[in-house]
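For this chain, numbers begin at 1 and follow the sequence in order. Hydrogens, waters and symmetry mates play no part in the numbers below; they use all other heavy atoms, side chains included. Ligands are counted one by one from 1 in listed order, and the atoms in each one are counted from 1 as well.
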Amino acid sequence: MNLDKLMQKRHFLTSLAVAAALCSPSAWSQEKFKIGLILPMTGPFASTGKQIEAAAKLYMAQNGDTVAGKKVELIVKDDTSAPDVTKRIAQELVVNDKVSVLAGFGLTPLALATAPIATQSKTPLVVMAAATSSITEASPFIIRTSFTLPQAAVGLADWAPKNNIKKVVTLVSDYGPGIDAEKYFKDRFTFNGGQVIDTLRVPMRNPDFAPFLQKVRDAKPDAVYVFVPSGAGAALMKQFAERGLDKAGIRLIGTGDVTDDDILNGMGEVAMGVITSHHYSASHNSPLNKKFVEAFSKANAGLRPNFMAVGGYDGMRVIYEAAKATKGVGGQALLDAMKGQVFESPRGPVFIDAQTRDVVHNIYIRKVERVGGQLYNQEFETIKDVKDPGKSR
Ligand code: PHB
């Protein structure tokens, strides 16, 4: 073969290789780092979607929209809080959009329905909201930046009996996180010498709390301990006051979901003095949190961030740092780079346990107080570095 022919052949082969590379979907996806953020943006849990989307966008505004030389594309999808929709959207995001990460998951059933997609496609799935303990066990590709109900429940079960609360009725939303909240509170409270005289479970969708609160009133406990998912607390508080439980001297305690920062300020007098345990309060006293609350509020017409927002913000941090470490490579490498991250969050110190892939953080005991004319969960006791008690069985 003469030189000319050789050059022609080489040119032909090079063009072929370029054409093949351009046609391959991975070439296109390599230019971008895509995050599929699936959230309830409509329906009764829309506040969770709104908070997490706002927090993710804030993180990107503060930290740039390129990572490891790739442009970050955040694809936000509304699953209307229906598990089959979450799963279908996740499948489309993986197959068609070739996302590197699935994220969001406003409720436990939505995360559980999608877990098999993460396993089959080896796509890291970052749970930013849902909080039933067992979720991380549903796929080895799940990482959690929200919290777990057992984490929140046990701190309060230690606090209550030392503070004149000996007889309790529990009232929880009847699904995963509610069952966890009930079990871990009851076991620990009983171990501490307290007595749970009744355990009530309310339907998760369209709950009518009134008949349950009447039962609580008739049982005359020292306190009712509650778990309701973020967004449902306002209705519960209203009916608590309407049924006169506060006047009857029954205290309301619970995990911090009930006095969610998104709706707390609108609850009025009835919320004053309510004691809860949780991992985040908008009034958490740290310079980082002050900056976070200010920036979030400024970017969102005065909206106060709640614990869902922090789960989303920290989730983005975990994703960005992992992508930097792998230079944008996804799959198992990206997952491994998410494990073991340690950082300061607006909630305080956070650690992603490499063994369990679950979040480890402080739990705070808080009391609703008026500060500068606004209601806040004021933290007054800290339980440090709490691992999910659900994982030590
Ligand atoms: C959940 O469904 O896992 C969930 C939702 C809202 C919460 C806590 C847990 O506030």
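- Val228 and Leu149 end up in different hydrophobic clusters when Ile, Leu, Val, Met, Phe, Trp and Tyr side chains are linked at under 4.5 Å.
- Taking the charged nitrogens against the carboxylate oxygens, Asp336 and Lys339 do have a contact shorter than 4.0 Å, which makes a salt bridge.
- Applying the ring pair (Phe, Tyr, Trp, His ring centres under 6.0 Å) rule to pairs touching residues 242-268 yields nothing, sequence neighbours excluded.
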Dump all N/O pairs between ligand 1 and the protein below 3.5 Å as a table: atom names plus distance, one pair per row.
from	atom 1	to	atom 2	distance (Å)
ligand 1	2 (O)	Thr108	N	2.8
ligand 1	2 (O)	Tyr175	OH	2.7
ligand 1	3 (O)	Thr108	N	3.3
ligand 1	3 (O)	Thr108	OG1	2.5
ligand 1	3 (O)	Ala131	N	2.8
ligand 1	10 (O)	Ser230	N	2.9
ligand 1	10 (O)	Asp257	OD2	2.5

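- Taking 4.0 Å as the cut-off between side-chain N and carboxylate O, Asp358 and Arg144 count as a salt-bridged pair.
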Name each donor-acceptor pair under 3.5 Å that joins a side chain in residues 72-80 to protein atoms two or more places apart or in another chain, with its distance.
from	atom 1	to	atom 2	distance (Å)
Glu73	OE1	Lys32	NZ	3.2
Asp78	OD1	Met41	N	2.9
Asp78	OD1	Thr80	N	2.8
Asp78	OD2	Thr42	OG1	2.7
Asp79	OD1	Ser81	N	2.9
Asp79	OD2	Thr86	OG1	3.0

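- Applying the ring pair (Phe, Tyr, Trp, His ring centres under 6.0 Å) test to every pair with at least one member in residues 317-362, sequence neighbours left out, gives these pairs: Tyr59-Tyr320, His279-His361.
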